[in-house]
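Written out below as structure tokens is the structure these notes cover.
Any value given below was found using the heavy atoms of this structure, including those in side chains, with hydrogens, waters and symmetry copies removed.
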Amino acid sequence: MESFPAPQPASSEITPLLPVRVSQRTFNLPRRPPNNLNHLFIFLLSILLFISLHFFFYAALSPSDAEKEVGGPNPGEKEKVGPTYPDSMRIEGPMSPLLHDPGICVVEGGEEDEKIYILVSSGVGLPVRTSRDRVNWSAAGFIFPTSAPSSTNRFTGVANGNLWAPDITHIPSRGFFLYYAASSLGSRNSGIFLATSADGKEWKDGGVVLESGERNEWNAIDPNLAKDPETGEWWLVFGSYWGGTCCDGSQSTYSIHVTRSNSSSILGPYFSQAGIPALEGAGDEILGGHGNVVGPGGQSVFMDDDGPVMVYHYSAEKPHMYHIGMNKVEFRDGWPVVA
């Protein structure tokens, strides 16, 4: 909100009425007999004075038309307006308010020869949901319906603890590969694990594939399986960021950023649009908080018939209440934008 200088009185001198003080002596002026016309005149004069002062203060506190045109009281000062983002596409079904870090894969020719979307999210046992149209979703059990692998306990600190950020990939003729993290808040004692399945229903524990400790400057969390289009090789990318952002429900500072590489190698280097290296913390925001969407993050991207789609979680009006959002991803001048 713009601030304006406080109004200054036209004069600091006020003429006293009764009594009048002169030379340290007080004299009471003689009072005249009541006069109705005089009373009426004084009453009307008081109203006129009140209206005049009210208009004066209003004018002092209101920006002029010229100020409105430039956006503020100083010439050239524009009102700062944050970026605008499109709303999520429609999603229906039992999306738990605790649903977090969604990962999706698309399976062509599934049951009844239909396309099936499989969504896995963070939580005890790694909850699973499925859809046939990307809009209507149904609960479909858990990756680990009875208990998480006991090898995760040393990272979560408890038996059958919360597992994080699952990334699910379906490779035709090879089955399903699910990478996920086991850790606890504020700790670098973390491990990335693998689970595999032939049909996406029965899962086998593949054990820990990467781990970190307090001695490391990185954190083994947020895995993502990616394929190099040039070589056909598969790479495990993981989020090793330590410190800086705050995932705190309705106070979350999460937002989604992107960098790009012009190299033919998946190893980069990667840069922002301004040419700043990603290794220096650069990145262009493509989705931030807007409207009722607070702290979008935990995202993943999957390919569908209408192009790439990004799925993410965001917080709502209550702390630690999360929802799922989805937006198509388009490219402008070679850079992704949400649509």
Any [X] side-chain heavy atom under 4.5 Å of [Y] side chain:
X: Tyr314; Y: Val293; value: yes
X: Ile276; Y: Gln273; value: no
X: Met326; Y: Ile104; value: yes
X: Ile324; Y: Val311; value: yes
X: Asp228; Y: Trp234; value: no

Flag, side chain of [X] to backbone of [Y], donor-acceptor distance under 3.5 Å:
X: Asn189; Y: Gly213; result: no
X: Ser261; Y: Pro269; result: yes
X: His100; Y: Ser122; result: no
X: Asp284; Y: Ser272; result: no
X: Asp222; Y: Phe238; result: no
X: Ser151; Y: Gly207; result: no
X: Asp133; Y: Val135; result: yes
X: Ser263; Y: Gly268; result: yes
X: Ser212; Y: Asn216; result: no
X: Asn160; Y: Ser147; result: no

With hydrophobic residues grouped by side-chain heavy-atom distances under 4.5 Å, do [X] and [Y] end up in a single group?
X: Val128; Y: Phe144; answer: yes
X: Val124; Y: Leu126; answer: no
X: Phe193; Y: Val120; answer: yes

**Given Thr169, Ile168, Leu225, Ile118, the one that forms side chain to side chain contact (heavy atoms under 4.5 Å, CB included) with Leu178** = Ile168
**Request:** Check each of Arg129, His313, His323 against Leu99 using the side chain to side chain contact (heavy atoms under 4.5 Å, CB included) test, and report the only one that passes.
**Result:** Arg129
Side chains of [X] and [Y], donor plus acceptor under 3.5 Å:
X: Ser187; Y: Glu214; result: yes
X: Ser255; Y: His257; result: yes
X: Glu285; Y: Tyr85; result: yes
X: Ser197; Y: Asp199; result: yes

**Prompt:** For residues 170-186, which residue pairs qualify under side chain to side chain donor-acceptor pair (under 3.5 Å), counting only residues two or more places apart or in two chains?
**Reply:**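 Listed by first then second residue: Ser183-Ser190.
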**Asked** Would the number of heavy atoms belonging to other residues, nucleotides or ligands and lying under 6.0 Å from CD1 of Ile171 be above 12?
**Response** yes
**Message:** So for atom CH2, which belongs to Trp235, do other residues, nucleotides or ligands contribute more than 12 heavy atoms lying within a distance under 6.0 Å?
**Reply:** no
**Request:** For Trp218 and Arg188, run side chain to side chain contact (heavy atoms under 4.5 Å, CB included): C-alpha distance rounded to whole Å, both residues' side-chain angles, the deciding distance at 0.1 Å, then the answer.
**Result:** CA-CA 7 Å; Trp218 48 273; Arg188 278 173 287 192; over 6 Å; no
**Shortest non-hydrogen separation from Trp137 to Tyr117 and the atoms involved** = CH2-CB, 3.5 Å
**Electrostatic pair Lys115-Asp305, nearest N-O below 4.0 angstrom** =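 The answer is yes: the pair qualifies as a salt bridge.
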**Asked** Charged N to carboxylate O under 4.0 angstrom, Glu92 versus Arg134?
**Response**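 Result for this pair is no, no salt bridge flagged.
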